[in-house]
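Here is the naming used below: chain letters follow the sequence lines, and residue numbers restart at 1 for every chain. The structure displayed is predicted, hence computed values, not measured ones.
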There are 2 protein chains.
Amino acid sequence: MTKEDWKKYSDVDGECAVRNVLDRLGDKWSMLVIIVLGVEGTLRFNKLHQVIGDISQKMLTVTLKSLEADGLVSRTVYPEIPPRVEYALTERGASLLPHMEGLAEWAATHMEGIYASREKYIGS
Amino acid sequence: MTKEDWKKYSDVDGECAVRNVLDRLGDKWSMLVIIVLGVEGTLRFNKLHQVIGDISQKMLTVTLKSLEADGLVSRTVYPEIPPRVEYALTERGASLLPHMEGLAEWAATHMEGIYASREKYIGS
DNA sequence: CAGAATCCTCCGTGATACTG
DNA sequence: CAGTATCACGGAGGATTCTG
């Protein structure tokens with residue numbers, strides 16, 4: 001990342017790629033949903049809900065919709081009764097996985113140190 | 001990332017490394033501050049404020065404090081008048097940079113497609 | 001089963017003013 | 001210069017109920 005690329009990160013007018021994408025991914029559930037779909041593969045709505053555990057039905061719906069809108073997740077409806085809807089990563093969504101993995105590994109590696117720092121820290 | 005590592009990502013009891021770290025990094029400014037310090041190097045408070053441009057003084061203070069508490073950013077006070085305070089990435093903070101870079105490049109690469117998808121998407 | 005529709009509650013964030 | 005101290009708000013997120 002050179003200074004020449006800098007404008008990509010400092011734009012204030014809402015056209016900064018990093019900020020836009022991280023804003024979207026930075027919500028409470030998007031990254032986790034992507035990771036789950038990446039690890040588990042295609043999942044139905046309720047299965048996804050159950051695997052994540054502590055997400056509300058509403059937020060799962062909202063999160064999936066925004067991921068679908070961005071073309072990161074595909075939604076397949078099977079016209080049966082009872083209804084069946086399957087979610088999976090698109091190619092674009094899957095291309096994010098390596099980066100999530102990288103972050104996950106970084107997190108796992110540095111967790112302990114971070115917690116230790118937090119405890120020692122004397123905030124105001 | 002195998003299924004064996006899965007528990008690291010699905011823990012609900014607040015001990016999930018990924019969730020903890022991403023929660024912290026997922027706020028509005030942390031990642032940007034890290035990127036800026038990574039690209040620009042050591043910076044004083046006001047310079048940081050000016051370079052980012054659209055962050056409030058309060059949020060810059062808050063963000064820097066939490067990054068310092070986590071040991072990602074160092075804060076050096078020079079006992080002069082007027083005061084001078086310099087911020088820089090710690091080694092731990094710098095170790096995050098490659099991952100930020102990866103995300104940034106992913107974002108830059110897929111931005112256009114994501115925007116195109118958003119426009120075509122017919123949400124409810 | 002897979003959601004849609006409401007209502008409601010924090011709290012992250014910003015604006016403003018003040019200080020050592 | 002580098003912050004603190006307050007006040008105020010908007011919207012992300014949760015709980016609950018309803019539906020095709």
Indicate whether OP1 or OP2 belonging to [N] is found under 4.0 Å from a side-chain N or O atom of [X].
X       : N     : answer
B:Arg44 : D:dA2 : yes
B:Tyr87 : D:dC1 : no
A:Arg84 : C:dG3 : no

In whole Å, what is the span from the [atom1] atom of [X] to the [atom2] atom of [N]?
X       : N      : atom1 : atom2 : value
B:Leu60 : D:dA2  : CG    : P     : 10 Å
A:Gln50 : C:dC1  : CD    : C1'   : 13 Å
B:Ile55 : C:dG12 : CD1   : C1'   : 12 Å
B:Ile52 : C:dG14 : CD1   : P     : 11 Å
A:Lys28 : D:dG11 : NZ    : P     : 19 Å
B:His49 : D:dG3  : NE2   : P     : 12 Å
B:Leu32 : C:dG12 : CG    : P     : 19 Å
B:Lys47 : D:dG3  : NZ    : P     : 17 Å

Given [options], which nucleotide is nearest the side-chain atoms of [X]?
X       : options              : answer
B:Trp29 : C:dC1, C:dG14, C:dA2 : C:dG14
A:Phe45 : C:dG3, D:dG3, D:dC1  : C:dG3
A:Lys65 : C:dA2, D:dT4, C:dA4  : C:dA4

Legend entry - From CG (B:Leu72) to CD1 (A:Ile114), nearest 0.5 Å: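 It comes to 5.5 Å.
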Legend entry - pair A:Tyr87-A:Leu67: side-chain heavy atoms closer than 4.5 Å: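 They are not in contact (no side-chain heavy atoms under 4.5 Å apart), so the answer is no.
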Legend entry - pair A:Leu48-A:Glu86: side-chain heavy atoms closer than 4.5 Å: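 Not in contact.
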Inset, instruction - Please check if the side chain of B:His49 supplies one atom and the backbone of B:Ile55 the other of a donor-acceptor pair under 3.5 Å. - result: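 Here the side-chain-to-backbone pair exists.
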Inset, instruction - Summarise protein proximity over nucleotides 15-20 of chain C in one line of letters, 5' to 3': B for base, S for sugar-phosphate only, - for none, counting protein heavy atoms closer than 4.0 Å. - result: B----B
Inset, instruction - Could you go through the side-chain contact (heavy atoms from CB on, under 4.5 Å) check for A:Ser117 and B:Asp70 one step at a time? - result: CA-CA 5 Å; A:Ser117 294; B:Asp70 283 4; 5.6 Å; no
Legend entry - Heavy-atom pair of closest approach, residues A:His99 and A:Ser95: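 What the structure gives for the nearest pair is CD2-O, 3.7 Å.
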Inset, instruction - Give the intermediate values and the outcome of side-chain contact (heavy atoms from CB on, under 4.5 Å) for residues B:Thr90 and B:Arg92. - result: CA-CA 5 Å; B:Thr90 62; B:Arg92 187 185 295 158; 3.7 Å; yes
